[in-house]
Every structure is written in structure tokens, then in C-alpha cells.
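This report concerns only the one structure given below.
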Amino acid sequence: MYAHPDDPEVSCAGTLARWADEGAEVHLVICAAGDKGLHHGGIEPSRLVQVRAGEADAAALVLGVAAHENLGLPDGEVDNTVALRERLVGRIRALRPDTVVSCDPTAVFFGSRYVNHHDHRSVGFAVLDACAPAAASPLYFPDAGPPHQVSAIYLSGTLHPDGWEDISTTVDRKVEALTCHRSQVGEDVDLVDEVVRRRAASAGADAGLACAEAFRILHFR
Ligand SMILES: [Zn+2]
């Protein structure tokens, strides 16, 4: 469960592809439509949403996910509201996942040059709230389906990683999936390849792996 159409590919595509290869049924739930995902403008927001939906379709095929969907909220306007939590609880109770993956909302600053996007932080908190305790309790959102307790939450984009997933068999597909999001990563495929592999090597170095994605992991069972 992520904010923007390319967030899973940036954050955890290697892990999702490996889990899919191992037989897991992977569903992507994206909250925002991607309508403000260009710094230079020059395209109608409604057209950009169409372009990004096509990119997400292509990336999902590469990763082998079972399904992907977009809740269609406007970029930059995703807040951790009761309404969003109810929608996320509805998806959790319908899909009944063992593991939910999202972004760590407590990560605000990455170094001195990047502030974590508002939507990432909002979705991260909304997902945490939806999983613990709302989805598991019949007293929360009783019309959103039968209760479901997720077993674990994996948080990417974290400053406090405590678990690492080996993506050595799927890093090629992470690169391929990310390059599907051409509106976001541009035309320089070699640069995407280099950045993805450098980050995977860096994450893996902390865990003795050649190639990894790092997470902060919560277990509920
Ligand atoms: Zn994003």
C-alpha cells in the first residue's frame, strides 16, 4: 500500500517480485492518481494520470503481481483521514494479506536534501492505523468487511532498518519495472540501472547481502 504509482517499484519491487516468484499473491493498492508527478508541467493532469496508469500496468506485468489498483486521490492531498483509513481497512479485509508493505511515515528527512513527500508520510500512518488495530477489530468500520489481523508490516524508506530482503534474483526486474515509469525516471535507462544497483548493494552491505532492500518490520503474530 503506497502513495504514488511508482512508489512500489522505487521502494520494494525486488522483494515483491521475489515473493511473487515464490508463490505469494501480491496486490498493489496505490492511493494517489499521480496527477502532479511532473516538476516541469507541460501536460494536462488528466493526461498524466492516464500515462501513469499505463506505466503502472506495464510495471505490474514485469513484477508478476496478481493485481493492482489506484484509489484515485489527488497527489499532494492524501491525508490520514477516517475516510482513507476506512478504504484501506476495506481493502485489507477483502484481500486478507499476511504481510502489508508500505513506507515508514516517521522518516521525514533523508540527509539534508530530501524531505519525505507529504503523501508518503500520510499513507504510511494511514496504513499503520488501518492494520493496527482497525482492520483486526470488528468494532472499527463494521461495514468494511470481516475483521482481519495482518501478521506483519514491512516499512520501506526507513531510517531504522531491521530486516533485509535478498533481491539478487530480481534486481533486473526491479530495474525493468522502474523504467516502465518513464514519466518519472526519464529516458536514461542506464542511469536507472546504475542507481538501483548501487542502492541495492548499499542496503545489502548492512546485512552481508550483495543485493537487498531494507525494511523496518513489525510482527503481530
Ligand atoms: Zn511517491
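Start at 1 and go down the list; that is how both ligands and their atoms are numbered.
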Problem - Lys/Arg N to Asp/Glu carboxylate O, Glu77 vs Lys36, below 4.0 Å - result: yes
Problem - Residues Arg85, Asp79: salt bridge by 4.0 Å N-O rule - result: no
Exercise for the section: Name whichever N, O or S atom of Asp7 ends up nearest to the Zn ion (ligand 1). Expected result: OD1
Handout entry: Atom of His4 closest to the Zn ion (ligand 1), considering N, O or S atoms
Key = ND1
Practice task
Give a yes or no on whether Asp119 keeps an N, O or S atom under 2.8 Å from the Zn ion (ligand 1).
Solution key: no
Practice task
Assess His120: does it contribute an N, O or S atom lying under 2.8 Å from the Zn ion (ligand 1)?
Solution key: yes
Fill in the blank from the handout: side-chain hydrogen bond (donor to acceptor under 3.5 Å, both in side chains) pairs touching residues 203-220, sequence neighbours excluded, are Thr15-Glu213, Asp104-Arg216, Thr106-Arg216, Lys174-Glu213
Handout entry: Pairs touching residues 127-141 that satisfy side-chain hydrogen bond (donor to acceptor under 3.5 Å, both in side chains), sequence neighbours left out
Key = Asn80-Asp129
